[in-house]
J.: 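Let me begin by handing over the structure; questions about it come next.
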There are 2 protein chains.
Amino acid sequence: MMGMLTLQPMSGYDLKKLTEISIDNFWQENYAQIYPILKQLAEEGLAVKHTEKQEGRPERSIYALTEMGQQALQKWLAEPAEDQVERHELLLKLFFGVQVPLSVCIEHVRSYREKQVRTLETYEQTESAVIKRYEPNTNVPYWRIALNYGRHHTRAVIAWCDETLLALKECEEQEALLATKND
Amino acid sequence: MMGMLTLQPMSGYDLKKLTEISIDNFWQENYAQIYPILKQLAEEGLAVKHTEKQEGRPERSIYALTEMGQQALQKWLAEPAEDQVERHELLLKLFFGVQVPLSVCIEHVRSYREKQVRTLETYEQTESAVIKRYEPNTNVPYWRIALNYGRHHTRAVIAWCDETLLALKECEEQEALLATKND
DNA sequence: CGTGTCATGTAATCAGTTACATGATTCA
DNA sequence: TGAATCATGTAACTGATTACATGACACG
């Protein structure tokens, strides 16, 4: 949230919208987290709040990062990133794939592949719609770095899907062969 | 846990050890989760517990999957995998990289790259130590699929690190150039 | 006239981690 | 003698999600 507030002072609502079109692929927050965070930032003197009145609309509570807030952010940015606990439900299901028919595993991988293709498309959209629009903004090279991570990752996953589908289909054919022999 | 119990009846302690050498890269559980889960599985009739007495050692509580348990597992395996919330702290820090010196970002990526290289090495170890030892086990093709995901992913991430380091170092040189001009 | 957007917040719940408790055995 | 392994469990806490509450305006 502090990072986002460096771009410009914003409301909780704005923060949510902005995260959804920028860092959504690797970081998500929801209102039930954002609003208490903003409250806390203000209490700790890391951000200041001021309210904007609007006609026929609820008030907007705009938060701006303070000098102290920016320092706290920079301190956090310099600390090594903690590695998140990785959990991949698809891989877990495939790991125990022998328990279910081959067609089930194939379908899992196929739909996962489709999702990846859609994700790749959103990256291209982000590239053209968001990043290029802000150019020349000093943030852009860093945004592109994060985006390129997604591209590399997603392309690799699609390659793995193709490889896996081939392997599973080969197993399927061998099963069919055995079945005809047993007839 | 049910998946693991299809391999053989096991204690909570065994389950922890086994997950650590097999699915650790994409799924982690700790004792505070495992023991209550086993208790619950037994209550729901999905697993049965029997205790083994040992000399000079605590008793072992061995859980075995029941017929009902296997059916519940197969049902779960056939359901489409939910996509996990993705969170990548490193990417978040790089996204706001403009706030800190270039050297900080470079160091983040460099140490991340090293970690990936170590991970790749553990994959090769898993391949030779675990998977090949169990061959010909009907599970092995599925275990290899999960392992290959890791390989594809990690190789892609290393490629991204290299690309990113090049880009960041270029920025660094341009900064140095500007600094000498301003002298 | 119903759906979506704008806008802020809290309460309840669920999931996951850390810390605590216990104690014998083995290995360096 | 101290650290690691074997072995099972609970309590407390932190973090995150879902559900709830409210209400006007714009668009088709």
J.: Reading nucleotides 3-12 of chain C from the 5' end, what letters show protein touch, with B for base, S for backbone sugar-phosphate only, - for no heavy atom under 4.0 Å?
T.: --SBBBBBB-
J.: Atom OH of residue position B:Tyr134 - does it have more than 12 heavy atoms of other residues, nucleotides or ligands inside 6.0 Å?
T.: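 Incorrect, the count does not exceed 12.
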J.: Can you measure A:Asn30 atom CG to D:dT18 atom C1' for me and round it to whole angstrom units?
T.: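 A:Asn30 atom CG is separated from D:dT18 atom C1' by 9 Å.
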J.: Taking the six-membered ring of B:Tyr35 (Phe, Tyr or Trp), confirm whether the NZ or CZ of B:Lys39 is under 6.0 Å from its centre and within 45° of its axis.
T.: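 Relative to the ring axis of B:Tyr35, which defines the angle, B:Lys39 lies outside at least one limit.
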J.: Using atom NZ of B:Lys53 as one end and atom C1' of D:dC6 as the other, report the distance to the nearest whole Å.
T.: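 Those two atoms, NZ and C1', are 18 Å apart.
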J.: Would you say C:dT17 has OP1 or OP2 under 4.0 Å from some side-chain N or O of B:Gln33?
T.: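 So the side-chain polar atoms of B:Gln33 do come within 4.0 Å of the phosphate oxygens OP1 or OP2 of C:dT17, strictly under.
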J.: Looking only at side-chain N and O atoms, does B:Arg87 come under 4.0 Å of OP1 or OP2 in D:dG15?
T.: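 Indeed not, no polar side-chain atom of B:Arg87 lies that close.
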J.: Going by the rule side-chain hydrogen bond (donor to acceptor under 3.5 Å, both in side chains), which residues pair with B:His88 if we only count those two or more places apart in sequence or in a different chain?
T.: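 With sequence neighbours excluded, B:His88 shows a side-chain hydrogen bond (donor to acceptor under 3.5 Å, both in side chains) to A:Tyr149, B:Tyr112, given in chain and number order.
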J.: Tell me whether B:Glu170 at atom CD has more than 12 heavy atoms from other residues, nucleotides or ligands lying less than 6.0 Å away.
T.: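 It does not: B:Glu170 CD has 12 such atoms or fewer within range.
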J.: Tell me: CD of A:Gln28 to P of D:dT17, nearest whole Å?
T.: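 Between P of D:dT17 and CD of A:Gln28: 8 Å.
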J.: Could you tell me the separation between the CD atom of A:Glu82 and the P atom of D:dT14, rounded to a whole number of Å?
T.: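 Rounded to the whole Å, the gap is 15 Å.
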J.: Got A:Leu18 and A:Ile21 here, is their nearest side-chain heavy-atom distance under 4.5 Å?
T.: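 In short, these two side chains touch, coming nearer than 4.5 Å.
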J.: In whole Å, I'd like the distance from the CD1 atom of A:Ile34 to the P atom of D:dG15.
T.: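 Rounded to whole Å, this separation is 16 Å.
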J.: Figure out the CD/P separation between B:Glu52 and D:dC6, and round it to whole Å.
T.: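 Nearest whole value for this atom pair: 15 Å.
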J.: Atom CD of B:Gln84 and atom C1' of C:dA15: how far apart are they, to the nearest Å?
T.: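 Distance check: B:Gln84 CD to C:dA15 C1' gives 12 Å.
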J.: Within the structure provided, determine whether B:Tyr63 and B:Leu41 are in side-chain contact (heavy-atom separation under 4.5 Å).
T.: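 B:Tyr63 vs B:Leu41: side chains apart.
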